[in-house]
Amino acid sequence: MSKTIPTKAIGPPGRPLLPPEAEVEIMEKLFANMKISSGEIAAILARHGVSGNSETLQEQYRKRLGQRLMASIRDESGRREVLAHGSEYVVVECCNDQQALKAIRRRIQGQMNGLDVSARKVQGRIHVLDRFLARFRRAG
């Protein structure tokens, strides 16, 4: 009988509860190569018996498809017409709930801020590499 680890448990937000050995193996591979593929992560988790309930996985799959459908509803300019508020989707132009609209705006603003921070980090690394290449070209 194989031991399976549930994929969802109580823990810090955004951080899944994984078998410590699996997390160590993933981190070792990541830091040894400075990258790791999603396939490699999945294989490590499978080796450590991490799996989910098939009905839960089906429900998540269906919700993901529904989310993609809602995200595909756009106006003539390509802007989204329908946005998520909790577990509901609202047509922005028809929503009269200020609290819901403010919550949506806060969530989007938070996502934008997070992406800005990440973009600055990537831009900083590009800048370092550009300087390195410029010195290398001058020296060579």
Side-chain angles (χ1 to χ4, degrees):
M1 182 185 260
S2 68
K3 179 178 128 190
T4 60
I5 308 298
T7 56
K8 193 168 189 173
I10 297 172
R15 179 129 183 174
L17 184 65
L18 299 174
E21 309 82 31
E23 188 171 345
V24 166
E25 188 175 342
I26 290 167
M27 294 304 193
E28 285 175 352
K29 183 143 190 142
L30 173 64
F31 291 117
N33 302 319
M34 290 297 123
K35 60 183 177 179
I36 187 170
S37 73
S38 58
E40 290 171 311
I41 293 171
I44 291 168
L45 293 175
R47 272 198 311 278
H48 289 275
V50 176
S51 66
N53 173 296
S54 61
E55 189 54 41
T56 302
L57 294 173
Q58 285 299 324
E59 185 176 341
Q60 289 172 346
Y61 174 73
R62 291 178 191 120
K63 285 180 179 180
R64 193 167 44 252
L65 286 179
Q67 188 277 329
R68 287 184 193 161
L69 173 63
M70 295 297 106
S72 73
I73 301 171
R74 310 259 172 166
D75 66 12
E76 305 80 35
S77 303
R79 294 179 297 219
R80 289 185 58 176
E81 292 271 14
V82 178
L83 293 169
H85 173 59
S87 61
E88 294 183 332
Y89 293 94
V90 296
V91 178
V92 174
E93 292 296 322
C94 299
C95 183
N96 294 321
D97 182 347
Q98 276 193 328
Q99 294 303 99
L101 293 170
K102 287 178 180 180
I104 291 168
R105 184 182 61 201
R106 277 192 305 274
R107 179 179 47 84
I108 292 170
Q109 190 64 52
Q111 291 169 338
M112 290 169 43
N113 292 343
L115 288 171
D116 285 343
V117 169
S118 297
R120 283 194 298 273
K121 184 168 189 149
V122 170
Q123 184 59 42
R125 183 63 183 162
I126 290 170
H127 182 69
V128 167
L129 293 175
D130 285 344
R131 286 192 341 230
F132 177 76
L133 286 173
R135 284 184 181 179
F136 181 72
R137 287 182 185 135
R138 272 189 257 136

Would you mind listing every salt bridge (charged side-chain N to carboxylate O under 4.0 Å, His left out) that reaches into residues 64-77, with sequence neighbours excluded? Asp75-Arg79

Does Leu101 belong to the same Ile/Leu/Val/Met/Phe/Trp/Tyr cluster as Val91, with side-chain heavy atoms less than 4.5 Å apart forming each link? no

Any side-chain heavy-atom pair of Asp97 and Val90 under 4.5 Å: no

Contact summary for Ile104 and Ala84, nearest pair of heavy atoms: CG1-O, 3.4 Å

Minimum heavy-atom distance between Pro19 and Val50, given as atom pair plus value: CD-CG2, 3.6 Å

Rounded distance (nearest 0.5 Å) linking atom CG of Leu18 with atom CD of Glu23: 5.5 Å

Nearest-0.5 Å distance that lies between atom CD in Glu88 and atom CG in Leu83: 13.5 Å

Of all heavy-atom pairs linking Ile26 and Ile36, the shortest is O-CD1, 4.0 Å

How far apart are the closest heavy atoms of Ala103 and His85, and which atoms are they? CB-CE1, 3.7 Å

Flag yes if more than 12 heavy atoms outside Gln98 fall under 6.0 Å of its CD atom; otherwise flag no. no

State the CZ-CZ distance between Phe132 and Arg125, to the nearest 0.5 angstrom. 9.5 Å

Residue pair Leu45 / Ala22: nearest heavy atoms and the distance that separates them: CD2-CB, 4.1 Å

Once you round to the nearest 0.5 Å, how far does CG of Leu30 lie from OG of Ser37? 11.0 Å

Got Glu59 and Thr56 here, is their nearest side-chain heavy-atom distance under 4.5 Å? no

Considering only heavy atoms from C-beta outward, does the side chain of Leu65 approach that of Leu69 to under 4.5 Å? no

Atom pair CD/CD of Gln109 and Gln111 - distance to nearest 0.5 Å: 10.0 Å

My understanding is that a hydrophobic cluster links ILVMFWY residues whose side chain heavy atoms are under 4.5 Å apart, including indirect links. Using that, what else belongs to the cluster containing Val128? none

Qualifying salt bridge (charged side-chain N to carboxylate O under 4.0 Å, His left out) pairs, either residue in residues 32-46, two or more places apart: Lys29-Glu40

According to a hydrophobic-cluster definition based on side-chain heavy atoms being under 4.5 Å apart (Ile, Leu, Val, Met, Phe, Trp, Tyr only), do Val24 and Ile44 belong together? no

Heavy atoms of other groups near Asp130 CG, more than 12 under 6.0 Å: yes

